[in-house]
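Data block below; observations after.
Owing to the predicted nature of the structure, the values given are computational and were not obtained by experimental measurement. Because only heavy atoms are used, hydrogens play no part in the values below, and waters and symmetry mates are left out as well, while side chains stay in. Order of appearance sets the numbers: ligands from 1, and atoms from 1 within every ligand.
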Amino acid sequence: MGTDWALDWVRRSAAVVAEHKAELSGLDRAIGDGDHGENLDRGFRAVMAKLDGTTPDSPGATLKLVATTLISTVGGASGPLLGTAYLRAAQSAGDADELDAAAVVAVLTAARDGIVARGKAESGDKTMVDAWTPAVDAAARALADGGAVVSVLVAAAEAAEAGAEATVPMVARKGRASYLGERSAGHLDPGAQSSAYQLRAAAAAAQG
Ligand code: ADP
Ligand code: MG
């Protein structure tokens, strides 16, 4: 997976976030303050604007541009969390021109570890970690089974989608939704859903 893949991942993430902006903010309205779709859309628009003026020369440089832009434009809880995710992903990718399946698993793992380091959420706390951790686990299993990079990314996307769905009955223990206590149950976590969209974008970019 080279720079073209990383750029296509970013483009597809920007497109899917724009398409689902109202849905993501609606999810956040139910258990938060209703800004998640706007927050992320503002961030990915800024990323696309930067990519108009410059073309990164590696997957790592692409992920770094996403990281710095999201950190400075998204705000809220999710900006620093996703910014850290993409920053750690960029560090994992380094300056390699191409990422093989093992390197892609390492990138996803680094992203998840960054979110956990920053937000201290555990699995089951009803956050974006509940999409990222199953995704990383599924990607690692696909790699261990000898899967090529496309199957690793598809496994990650499918697990992230299932992980996001699984947040519905959970009671939030981190972030704004945790203020609702038991009343947070019965709703999909917006950050888990947007993370699943970004991971599906990564897989779709690899499938071409
Ligand atoms: P805010 O809550 O500041 O309005 P957003 O609405 O943009 O920020 O993002 C909310 C999402 O952030 C939640 O749906 C959840 O997935 C994620 N989130 C919040 N706190 C944490 C945390 N400590 N660790 C991981 N994810 C978190
Ligand atoms: Mg919010």
Side-chain angles (χ1 to χ4, degrees), residues 10 13-48 63 66-89 107-138 156-157 159-202:
V10 176
S13 290
V16 76
V17 164
E19 186 189 340
H20 293 276
K21 176 169 81 164
E23 178 209 317
L24 292 170
S25 285
L27 293 173
D28 194 31
R29 203 166 301 122
I31 57 170
D33 58 356
D35 62 357
H36 187 61
E38 272 77 20
N39 285 347
L40 263 195
D41 185 52
R42 181 170 60 248
F44 274 103
R45 275 176 198 278
V47 171
M48 293 313 296
L63 295 167
V66 174
T68 53
T69 311
L70 293 186
I71 288 169
S72 63
T73 57
V74 173
S78 60
L81 289 163
L82 285 172
T84 306
Y86 282 98
L87 198 58
R88 296 284 189 92
V107 160
L108 297 180
T109 306
R112 187 276 313 273
D113 291 349
I115 294 166
V116 171
R118 178 98 208 180
K120 308 278 186 288
E122 294 174 9
S123 293
D125 284 353
K126 197 182 182 94
T127 71
M128 59 176 77
V129 171
D130 291 307
W132 280 94
T133 288
V136 166
D137 292 348
E161 286 159 3
E165 277 307 318
T167 65
V168 171
M170 292 175 185
V171 172
R173 285 191 291 255
K174 281 282 186 292
R176 243 176 240 286
S178 67
Y179 308 159
L180 291 180
E182 300 287 330
R183 279 183 295 135
S184 63
H187 302 279
L188 190 63
D189 178 65
Q193 182 70 344
S194 64
S195 295
Y197 286 144
Q198 289 166 72
L199 287 161
R200 177 56 74 183

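Residue-level proximity to ligand 1 for Leu40 is absent, since no heavy atom of it falls below 4.0 angstrom.
The closest protein non-hydrogen atom to atom 24 (N) of ligand 1 is Ala121 CB, 3.5 Å. At the top of the distance list for atom 18 (N) of ligand 1, counting protein heavy atoms only, stands Leu81 CD1, 3.7 Å. The protein heavy atom nearest to atom 3 (O) of ligand 1 is Ala77 N, 2.7 Å. Taking atom 7 (O) of ligand 1 as the reference point, the nearest protein heavy-atom neighbour is Ser78 OG, 2.6 Å. For atom 16 (O) of ligand 1, the closest non-hydrogen atom on the protein side is Asp189 OD2, 2.6 Å.
Across all their heavy atoms, Gly37 and Leu24 have their closest contact at CA-CB, 3.7 Å.
At a threshold of 4.0 Å, the pair Asp41-Arg45 counts as salt-bridged, since one of the basic side-chain nitrogens sits closer than that to a carboxylate oxygen. Between Asp33 and Arg176, at least one side-chain nitrogen of the basic residue sits less than 4.0 Å from a carboxylate oxygen of the acidic one, meeting the salt-bridge criterion.
Between the side chain of Asp130 and the main chain of Gly124, a donor-acceptor pair closer than 3.5 Å is present. The backbone N or O of Val171 lies less than 3.5 Å from no partner atom in the side chain of Lys126, so there is not a single donor-acceptor pair. No donor-acceptor distance shorter than 3.5 angstrom exists from the side chain of Arg112 to the backbone of Val129, with no hydrogens or angles considered. With hydrogens and angles disregarded, a donor-acceptor distance shorter than 3.5 Å links the side chain of Asp189 to the backbone of Ala192.
Considering both main-chain and side-chain atoms, Asn39 comes within under 3.5 Å of ligand 1 through a nitrogen or oxygen pair. Distances between N or O atoms of Lys174 and those of ligand 1 include no value under 3.5 Å. Residue Gly191 has at least one N or O atom closer than 3.5 Å to an N or O atom of ligand 1. Residue Ile115 has no N or O atom closer than 3.5 Å to an N or O atom of ligand 1. Checked against a 3.5 angstrom limit, the closest N/O atoms of Met128 and ligand 1 fall inside it. Between Gly76 and ligand 1, not a single N/O pair is under 3.5 Å apart.
Side-chain contact between Val107 and Leu63 is present, with at least one heavy-atom pair separated by less than 4.5 Å. Using a 4.5 Å cut-off on side-chain heavy atoms (C-beta onward), Asn39 and Asp28 make no contact. Between Thr84 and Ile115 the shortest side-chain heavy-atom distance does not fall below 4.5 Å. The shortest side-chain heavy-atom distance between Met128 and Ser194 does not fall under the 4.5 Å cut-off.
Between Pro80, Ser25, Gly119, it is Gly119 that holds the heavy atom closest to atom 23 (N) of ligand 1. If you check each of Asp125, Thr127, Ile31 against atom 25 (C) of ligand 1, the one with the closest non-hydrogen atom is Thr127.
Taking 4.0 Å as the cut-off, Arg176 counts as a neighbour of ligand 1 on heavy-atom distance. Put simply, part of Pro190 is less than 4.0 Å from ligand 1, judged by heavy atoms.
No option in Val66, Leu40, Val16 other than Leu40 meets the side-chain contact (heavy atoms from CB on, under 4.5 Å) test with Gln198.
Per-residue contacts place Asp35 under 4.0 angstrom from the following atoms of ligand 1 (heavy atoms of the residue considered): 4 (O), 5 (P), 6 (O). Of all atoms in ligand 1, listed by their number and element, those nearer than 4.0 Å to a heavy atom of Gly175 are 19 (C), 20 (N). Taking every non-hydrogen atom of His36 and a distance limit under 4.0 Å, the qualifying atoms of ligand 1 come out as 5 (P), 6 (O), 7 (O), 9 (O). Proximity to Asp28 (heavy-atom distance under 4.0 Å) selects the following atoms of ligand 1: 6 (O). Using a 4.0 Å cut-off to heavy atoms of Asp33, the atoms of ligand 1 that qualify are 4 (O).
Counting only distances under 2.8 Å, and ignoring water, the protein N, O or S atoms around the Mg ion (ligand 2) are Asp28 OD2, Asp33 OD1, Asp35 OD1.
Between Tyr86 and Phe44, the ring planes are perpendicular. Angles over 60° get that label, and only those under 30° would be called parallel.
Other residues, nucleotides and ligands place no more than 12 heavy atoms under 6.0 Å from the CZ atom of Arg118.
Checked against side-chain contact (heavy atoms from CB on, under 4.5 Å), Asp125 has the following partners two or more places apart in sequence or in another chain: Ala121, Glu122, Thr127, Arg173, Lys174.
Donor-acceptor pairing under 3.5 Å is recorded for the side chains of Gln193 and Glu23.
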